[in-house]
Every structure is written in C-alpha cells, then in structure tokens.
Amino acid sequence: MARPKIALIGAGQIGGTLAHLAALKELGDVVLFDIAEGIPEGKALDIAESGPSAKFDAAMSGTQDYADIAGADVCIVTAGVARKPGMSRDDLLGINLKVMKSVGEGIAQHAPDAFVICITNPLDAMVWALREFSGLPHEKVCGMAGVLDSARFRHFLASEFDVSMKDVTAFVLGGHGDTMVPLVRYSTVAGIPLPDLVKMGWTTQEKLDAIVQRTRDGGAEIVGLLKTGSAFYAPATSAIEMAESYLKDQKRVLPCAAYVDGAYGLDGFYVGVPTVIGAGGVERVVEISMNKDEQSMFDSSVEAVKGLVQACKGIDDSLK
Ligand SMILES: NC(=O)C1=CN([C@@H]2O[C@H](COP(=O)(O)OP(=O)(O)OC[C@H]3O[C@@H](n4cnc5c(N)ncnc54)[C@H](O)[C@@H]3O)[C@@H](O)[C@H]2O)C=CC1
Ligand SMILES: O=C([O-])CC(=O)C(=O)O
C-alpha cells in the first residue's frame with residue numbers, strides 16, 4: 001500500500017518542524033509548499049539527508065506549485081505571517097486572510113479530499129475563512145490550538161506538582177487568544193481534578209490561578225523570548241498529534257477549533273471544543289457541561305472570535 005501523502009502549506013519555522021516530525025514518525029511522504037523559492041526544496045532535502053541516520057523511510061520534496069500537492073491525504077497550513085513582540089495575534093488578520101484565500105483555492109483544486117489542519121493565526125477566524133475559501137466539508141477542516149494550549153497547561157501543572165506530564169490531563173477551550181478558557185475542573189493528575197488537589201494541599205488557589213494565566217499568555221511568553229517570531233516546536237508537535245489521529249483512525253479525544261453546529265448553543269461556528277478525530281475527520285464534537293463561570297468565559301471567547309469573523313467579512317466581500 002502506498003504511503004499517505006502529507007502536504008505542508010508553508011515551509012517556515014512550523015512547516016519545517018512538521019516535516020521533520022512527520023518523517024521521524026514515518027507518517028507518510030511529505031511535500032512542502034511555500035511561495036519562497038528554495039526554502040521548501042532546501043528543507044525537504046536537508047530532512048531527507050537525515051533519513052539514513054534517523055532511519056526513516058519517507059519521500060521529502062519542496063515546491064512552489066500547488067499541482068504537487070495533488071491527492072494529499074492531509075494538508076497542514078502554516079502559510080502566512082507570525083507575530084513579533086508588541087503585536088497581538090489579531091494584528092495578523094488582514095495579511096493572513098489574503099493568504100488563506102490562495103491556500104483555500106489551491107487545496108480545493110488539488111487536494112479536495114484531504115483532512116485540513118489550519119495553524120495560521122488568528123487561528124479561529126483563519127480556519128473559518130480557509131473552510132469558506134476551500135469549500136471542503138466542515139468535518140474535514142479544523143484548526144490546531146487547543147492541543148497546544150492544553151499541552152502548555154499540562155507542562156506547567158506537571159512542573160508545579162513534580163509529576164510526569166503523562167499523568168496530567170487538561171482541556172483548554174474557546175478561541176486561541178487572550179480569552180481562551182483553561183478548564184480547571186476538567187483538568188486532572190491521574191484522574192484527580194485540580195480543585196481536589198488544592199484541597200489536598202498539593203498547590204494553592206493562587207498558584208493555580210497564576211498557572212492558568214501563564215497558559216493564556218503562553219504564546220506571548222515565547223514571542224517575548226524569541227523576538228523574531230513565535231513558537232514552533234510545540235505547535236508542530238500538536239498538529240502532528242492531530243494528523244496522526246486522522247491517518248491512523250485513532251479516534252483521539254483532542255481539543256481543536258472545530259465547526260460547532262448545535263452543541264454549546266452555537267449554530268455553525270468555528271471555536272475550540274473537545275472533539276474526536278478519526279478517519280472521518282472531526283467525527284464528533286464533545287459537549288461538556290459548564291458551570292456559570294465557565295460558560296460565561298466561553299461565551300466571551302466566542303464573542304471575541306465572532307468579532308474577528310466579522311472583520312474578515314468586512315475585508316473580503318466573497319465571505320459575506
Ligand atoms: N495555532 C497556533 O496555535 C499557532 C499558530 N501560529 C501561527 O502559524 C503561522 C506560521 O508560523 P511560523 O511557521 O512560525 O511562521 P514563518 O514565518 O516561519 O513561516 C510562514 C511561511 O509562510 C510562507 N508564506 C507566506 N505567504 C504564503 C502564501 N501565500 N502561500 C504559501 N506560503 C506562504 C512564508 O514564506 C513562510 O515561509 C503564523 O501565522 C503564526 O502566528 C504559530 C504558533 C502557534
Ligand atoms: O503566540 C503566537 O503568536 C503564536 C501562537 O499562537 C502560540 O504560540 O500560541
């Protein structure tokens with residue numbers, strides 16, 4: 001059986017890391033697409049030349065031609081611009097919306113059966129726009145953010161409790177911005193919810209609140225340190241987790257920006273929610289019950305994303 005084909009649209013920091021991880025995990029053959037001449041070709045060749053030492057079998061290629069993504073099983077989109085210190089993700093909306101248009105059209109024409117994972121920011125609005133421009137089925141287009149935000153939350157919690165990250169679970173829902181909602185009640189160490197760990201004296205409410213805030217600011221913390229761009233190792237690893245679940249029909253329960261139609265009181269809207277990802281794409285949106293505070297934080301986050309979607313409609317007439 002032929003290996004799956006993975007198209008990476010954008011061969012920058014995240015795109016290159018995605019290609020490397022996909023090769024190391026032997027998820028399939030990789031095509032890197034970018035408008036910057038030489039970059040996708042150079043990264044593809046460099047990674048291919050690591051194959052004999054890393055011992056993977058995967059073909060790697062780079063291109064500026066959308067025809068080369070033909071028949072891709074998975075497309076992961078990082079094309080566009082990343083923020084620098086002093087900018088918010090939302091400042092990228094105008095420039096990255098134009099990029100989503102060309103990417104959406106390229107995918108629609110050459111890889112209409114692919115499972116598409118958008119990473120480009122501002123994430124929730126960009127995944128919505130990419131779906132609109134591509135016209136692909138909603139369950140085949142989703143956005144990566146919740147896996148990353150939850151991984152950051154899990155990392156901070158594991159450090160605070162001095163336990164393995166493997167035993168920490170967490171869910172971060174809502175939009176991928178300052179309003180994201182780390183769900184403390186649904187986050188656990190070995191199944192023990194965080195509020196119980198406060199009662200058990202493992203941490204204090206103040207420390208937990210600080211970790212929640214650090215999670216919300218997780219992207220900005222890295223931007224402030226790197227200065228030239230934003231995070232790429234953890235974002236790429238998160239998207240690979242989603243792609244693997246699709247390609248291997250693992251049916252992982254992962255938070256991602258999915259099209260929510262009916263659940264959470266939403267009628268046809270992209271925002272971060274827990275989902276099941278399998279061979280059918282986003283096979284299920286998992287609707288969890290929220291208390292008043294959680295619901296109100298989620299509602300504010302949805303409102304913030306709605307504002308960005310409106311802004312997209314104001315920029316591009318074809319989105320109305
Ligand atoms: N959803 C999330 O959780 C995260 C999202 N991001 C976002 O991911 C995006 C990519 O980040 P990086 O890889 O660090 O940026 P980068 O600047 O290293 O790479 C972006 C690549 O896109 C290419 N590009 C620009 N316009 C294009 C077009 N029309 N078609 C094809 N390629 C095009 C550029 O040539 C560049 O190589 C940014 O928007 C960033 O904000 C970053 C981290 C996490
Ligand atoms: O903060 C950024 O600009 C990139 C991003 O979305 C993240 O790392 O969460």
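We count residues from 1, following the sequence as given. We count ligands from 1, going down the list as the structure has it; atoms in each ligand are counted the same way.
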Peer 1: Is V81 in polar range of ligand 1, meaning some N or O pair under 3.5 Å apart?
Peer 2: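 Right, the criterion is met.
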
Peer 1: With nothing but distance in play, are any N or O atoms of A82 less than 3.5 Å from an N or O of ligand 1?
Peer 2: no

Peer 1: Within a distance under 4.0 Å of any heavy atom of N96, pick out the atoms of ligand 1 and give their elements.
Peer 2: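 Near N96, meaning under 4.0 Å from one of its heavy atoms, ligand 1 has 39 (O).
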
Peer 1: Which residue supplies the protein heavy atom nearest to atom 21 (C) of ligand 1, what is that atom called, and how far is it?
Peer 2: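 Answer for atom 21 (C) of ligand 1: D34 OD2, 3.6 Å.
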
Peer 1: With a 4.0 Å cut-off on heavy atoms, does I222 reach ligand 2?
Peer 2: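 I222: no contact with ligand 2 (<4.0 Å).
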
Peer 1: Among all protein heavy atoms in this structure, tell me which lies nearest to atom 42 (C) of ligand 1, with the distance rounded to 0.1 Å.
Peer 2: I14 CD1, 3.4 Å

Peer 1: Could you check atom 29 (N) of ligand 1 against the protein and tell me its nearest heavy-atom contact, residue, atom and distance included?
Peer 2: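 The answer is V99 CG1, 3.6 Å.
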
Peer 1: Using a heavy-atom cut-off of under 4.0 Å, does the side chain or the backbone of D149 touch ligand 2, or both, or neither?
Peer 2: neither

Peer 1: Before signing off on this row, confirm whether M144 and ligand 1 have an N or O atom pair separated by under 3.5 Å.
Peer 2: yes

Peer 1: If we only count N/O pairs under 3.5 Å, is R83 in contact with ligand 1?
Peer 2: no

Peer 1: Is a side-chain N or O of K5 found less than 3.5 angstrom from the main chain of A70, in a donor-acceptor match?
Peer 2: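 At least one qualifying donor-acceptor pair exists.
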
Peer 1: Applying side chain to side chain donor-acceptor pair (under 3.5 Å) as the test, list every pair that has at least one member in residues 160-171; sequence neighbours left out.
Peer 2: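 Pairs touching residues 160-171 that pass the test: E160-T203, T169-T188.
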
Peer 1: Tell me the protein heavy atom at minimum distance from atom 18 (O) of ligand 1, and give that distance in Å.
Peer 2: Q13 N, 2.8 Å

Peer 1: Which residue supplies the protein heavy atom nearest to atom 19 (O) of ligand 1, what is that atom called, and how far is it?
Peer 2: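 Going by distance alone, atom 19 (O) of ligand 1 is nearest to G12 CA, 3.2 Å.
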
Peer 1: Judging by distance only, is a nitrogen or oxygen of N121 under 3.5 angstrom from one on ligand 1?
Peer 2: yes

Peer 1: Nearest protein heavy atom to atom 9 (C) of ligand 1, by residue and atom, and its distance?
Peer 2: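 Checking every protein heavy atom, the shortest distance to atom 9 (C) of ligand 1 gives T78 O, 3.6 Å.
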
Peer 1: Students should be able to answer this: which protein heavy-atom is nearest to atom 25 (C) of ligand 1, and at what distance?
Peer 2: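 So the nearest neighbour among protein heavy atoms is G80 N, 3.5 Å.
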
Peer 1: Taking N or O atoms only and a 3.5 Å limit, does R152 qualify as a polar contact for ligand 2?
Peer 2: yes

Peer 1: In the protein, which heavy atom is nearest to atom 26 (N) of ligand 1, and how far is it?
Peer 2: I35 CD1, 3.5 Å

Peer 1: Is I119 close to ligand 1, meaning an N/O of one under 3.5 Å from an N/O of the other?
Peer 2: yes

Peer 1: Which side chain to side chain donor-acceptor pair (under 3.5 Å) pairs, counting each pair once, include a residue from residues 296-305, with sequence neighbours left out?
Peer 2: T179-S301, Q295-D299

Peer 1: Ring centres of Y186 and F171 under 6.0 Å apart?
Peer 2: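 No, the ring centres sit 6.0 Å or more apart.
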
